[in-house]
Amino acid sequence: MWKRDDAAKPNAPGGPGPAPAQPGSVPPAAEAAPGKPAHAGDPQRGQEKTAVNIGKSVVIKGELNGSEDLTIEGQVEGKIELRQNVLTIGPNGKIKAQVFAKAVIILGEVTGNVTASEKVDIRDNGSVDGDIASPRVAIAEGAHFRGSIDMQKGAGGQKTEGKPAAASAPAASPQGQPSSPATAGANR
């Protein structure tokens, strides 16, 4: 008996209930996101823009490798390798690891050396106890940093032979001398 009612609903214009979807008319991905093309659900295309989140209650001990941008709000102990991607340590993140990434944004706590091929950014209330190796380093006022900074162009794991470390020291000194108290630990 319900079959006869369903058959009557699509023929009734402006009926109060939702009309059933016709097979093949609109893909489910396009219904969920009307402004996006139907191929947005394709895993190969969507993977370029995705970011993975590790929540506050997650604890990881060991190696963490990946090929996607990653945000960590939980705890990680060991080694983190995202050499072609961005790693964000959230405000609740507590990391005790060696970190290797394209770019690292730190809002939480990191204990260990951080190596980035592009940039390390320690934001307000962010904390790093360890050495940083990256061609670009930003330390916000109110951030904590204890360690050394290597800002050679190839510091992201692609160090150039024959270029003495002393040559990069003058380039790092003017940037390490702003009137910010957060960088005072870098000069000790």
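All values below come from the heavy atoms of this structure, side chains included, with hydrogens, waters and symmetry mates left out. Numbers for residues simply follow the sequence, beginning at 1. Every value quoted in this text rests on a predicted model; they were computed, and no experiment measured them.
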Full working for side-chain contact (heavy atoms from CB on, under 4.5 Å) between Leu87 and Ile80: CA-CA 9 Å; Leu87 172 65; Ile80 301 171; 4.0 Å; yes
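Heavy-atom minimum distance, Ile122 versus Ala143: CG2-CB, 3.6 Å. Glu141 approaches Asp124 most closely through the heavy-atom pair O-OD1, 2.8 Å. The shortest non-hydrogen separation linking Asn65 to Glu81 is OD1-CB, 3.1 Å. Scanning all heavy atoms of the two residues, the minimum distance from Pro135 to Ser117 falls at CG-O, 3.4 Å.
Connection of Val104 to Leu107 is not established within any shared hydrophobic cluster, with ILVMFWY side chains joined at heavy-atom distances below 4.5 Å, either directly or through further cluster members. Residues Ile105 and Val120 do not share a hydrophobic cluster, defined by chaining ILVMFWY side chains whose heavy atoms lie under 4.5 Å apart. When hydrophobic clusters are built by joining Ile, Leu, Val, Met, Phe, Trp and Tyr residues whose side-chain heavy atoms come closer than 4.5 Å, directly or via intermediates, Val99 is grouped together with Ile149. In the hydrophobic clustering of ILVMFWY residues, with side-chain heavy atoms under 4.5 Å counting as a link, Val137 and Phe100 come out apart. One hydrophobic cluster holds both Leu70 and Ile95 under the rule that ILVMFWY side chains link at heavy-atom gaps under 4.5 Å.
A donor-acceptor pair shorter than 3.5 Å cannot be found between the side chains of Thr111 and Asp129. The closest side-chain donor-acceptor pair between Asn125 and His144, if any, does not fall under 3.5 angstrom.
Taken to the nearest 0.5 Å, the CG atom of Asp121 stands 9.5 Å off from the OG1 atom of Thr88. One distance of note links NZ of Lys102 with CD of Gln84; it measures 7.0 Å at 0.5 Å rounding. In this structure, Ile106 CD1 and Phe145 CZ are separated by 9.5 Å, a value rounded to the nearest 0.5 Å. Atom CD of Gln75 and atom CD1 of Ile60 lie 10.5 Å apart (nearest 0.5 Å). Between Ile72 atom CD1 and Leu64 atom CG the span is 5.5 Å, to the nearest 0.5 Å. One distance of note links CD of Glu63 with NZ of Lys79; it measures 5.0 Å at 0.5 Å rounding.
Counting heavy atoms from C-beta on, the side chains of Ser148 and Ile132 never come closer than 4.5 Å. Looking only at side-chain heavy atoms (C-beta outward), Gln98 and Asn113 come within less than 4.5 Å of each other.
In this structure, the side chain of Asn92 does not engage the main chain of Glu73 through any donor-acceptor pair within 3.5 Å. Not one N or O on the side chain of Asp69 forms a donor-acceptor pair closer than 3.5 Å with the backbone of Thr71. Panel note: side chain Ser134, backbone Arg136; a donor-acceptor pair is recorded below 3.5 Å.
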